[in-house]
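This report refers to the structure that appears directly beneath it.
Atoms within a ligand are numbered from 1 in the order they appear, just like the ligands themselves.
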Amino acid sequence: MRRAVRLFAAGVLAVLAARGISAQDGPPVGTKASAPAAAATGDAPHLFDEVWRTVRDRFFDRTHRGKDWAAIREAWLPAACEAPTPRRLRAVINGMLGELKVSHLSLLDPDKLTPKEAGEVAFRAMLAGTDGIMVGGSTGVTPGMTDATVKAIKDRARVPVILFPAGAHALSRYADAVYFMSMLNSQDLRMIVGEQTKAARAIQAWGLETIPMGYLVVEPGMRVGEIGHAKPIPRDDVEEAVRYALTAQFLGMQLVYLEAGSGAPDPVPPRMVAAVKAELSIPLVVGGGIRTPEAARELAQAGADIVVTGTVIEEDRSRLQSIVDAVKGL
Ligand code: 1GP
């Protein structure tokens with residue numbers, strides 16, 4: 001856990017990118033199911049190149065996020081050739097993909113899954129290539145449930161576990177990090193700074209890594225908008241979203257999160273994501289209502305640095321692989 005925590009301190013995206021290659025004590029995030037077989041037969045360089053070419057030819061951002069994709073191949077190829085195990089090869093490939101800095105996180109709600117189920121789902125999500133698990137839910141979550149869920153996830157899946165708390169009651173010392181989040185467009189001071197103040201001493205005592213985040217609820221906002229007393233950003237008011245996002249950045253937050261609400265009929269409009277991304281210099285997270293690979297791809301293309309899905313994992317676990325692949329441009 002301490003390794004993940006130290007890595008988080010270097011910046012969320014850097015961590016997500018670097019975690020695969022630095023994970024020497026467990027299975028890293030998978031990329032393609034064929035990786036183990038290929039490495040086991042000495043085919044590692046070919047598999048590596050297949051993934052590299054797929055990204056070269058099909059990644060939605062033709063500039064490869066402004067990176068020199070050929071140089072990235074040169075940098076990672078020796079490690080792929082020397083990878084002693086399939087697991088290590090997957091780590092190398094994942095490290096290369098991480099250079100593009102588009103990540104997927106899975107949200108698990110302790111109120112909707114038993115700890116055992118959460119562990120299972122996290123394990124499958126890890127195999128599908130998710131970069132981390134967020135734990136949180138708008139209602140019904142207690143400290144005991146959060147502890148049990150986090151522990152079960154950490155037992156099954158070696159990916160960072162980040163708390164996504166609805167309040168000070170939804171924390172666990174066993175997580176790797178916590179979003180120290182403020183719902184900036186809430187009308188309730190409790191959601192802006194009150195719950196945070198309640199939680200500060202416990203977080204300090206546990207030494208939990210904090211990731212300061214500006215949390216912005218966009219229409220329809222769903223349950224989190226209601227319980228957070230948000231004044232949701234209208235879906236067509238792109239300028240309002242930009243103003244809030246810049247406010248988060250100027251306040252020193254490390255992330256901006258545009259949230260349409262869990263189970264929203266439609267995600268945050270890609271147009272809004274693109275406009276916010278164009279003005280922001282900190283990473284942008286987008287979640288709520290993302291159910292299809294097409295929607296996930298559109299948001300990543302629009303500029304989301306991290307795409308979050310929750311409900312779809314509970315409802316249709318088989319779809320996660322295609323969503324993760326879409327986010328990563330595969
Ligand atoms: C996290 O609220 C989302 O931001 C999760 O939304 O459950 O609709 O994927 P879904």
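Ser182 has its side chain within reach of Gln196: a pair of non-hydrogen atoms, C-beta onward, lies under 4.5 Å apart. Residues Leu97 and Ile93 meet the side-chain proximity criterion, which asks for heavy atoms closer than 4.5 Å.
Atom numbering of ligand 1 starts at 1 in the shown order; those under 4.0 Å from a heavy atom of Val308 are 1 (C). If you number the atoms of ligand 1 from 1 as listed, the ones under 4.0 Å from a heavy atom of Gly289 come out as 6 (O), 8 (O), 10 (P). Atom numbering of ligand 1 starts at 1 in the shown order; those under 4.0 Å from a heavy atom of Gly287 are 4 (O). Taking every non-hydrogen atom of Ser262 and a distance limit under 4.0 Å, the qualifying atoms of ligand 1 come out as 2 (O), 6 (O), 7 (O), 8 (O), 10 (P).
Across the listed options Ala264, Gly136, Gly263, Ala260, Gly263 owns the non-hydrogen atom lying nearest to atom 8 (O) of ligand 1.
Residues Val141 and Tyr174 do not share a hydrophobic cluster, defined by chaining ILVMFWY side chains whose heavy atoms lie under 4.5 Å apart. Under a hydrophobic-cluster definition in which Ile, Leu, Val, Met, Phe, Trp and Tyr are linked whenever side-chain heavy atoms come within less than 4.5 Å, directly or via other members, Tyr257 and Met222 are assigned to different clusters.
Considering both main-chain and side-chain atoms, Gly310 comes within under 3.5 Å of ligand 1 through a nitrogen or oxygen pair. Among the atoms of Thr309, none of the N or O lies under 3.5 angstrom from an N or O of ligand 1.
Residue Val312 places no heavy atom under 4.0 Å from ligand 1.
Using a cutoff of 4.0 Å between basic side-chain nitrogens and carboxylate oxygens, Asp176 and Lys154 are scored as salt-bridged.
Protein heavy atom at the shortest distance from atom 5 (C) of ligand 1 is Leu107 CD2, 3.8 Å. Nearest non-hydrogen protein atom to atom 7 (O) of ligand 1 is Thr311 OG1, 2.4 Å. Protein heavy atom nearest atom 4 (O) of ligand 1, with residue, atom name and distance: Tyr257 OH, 2.3 Å.
In this structure, Glu219 contributes its side chain and Arg235 its backbone to a donor-acceptor pair below 3.5 Å. With Arg56 contributing its side chain and Trp69 its backbone, the two residues share no donor-acceptor pair below 3.5 Å.
Taking the six-membered ring for Trp and thresholds of 30 and 60 degrees, Phe164 and Tyr179 have ring planes more than 60 degrees apart, a perpendicular arrangement.
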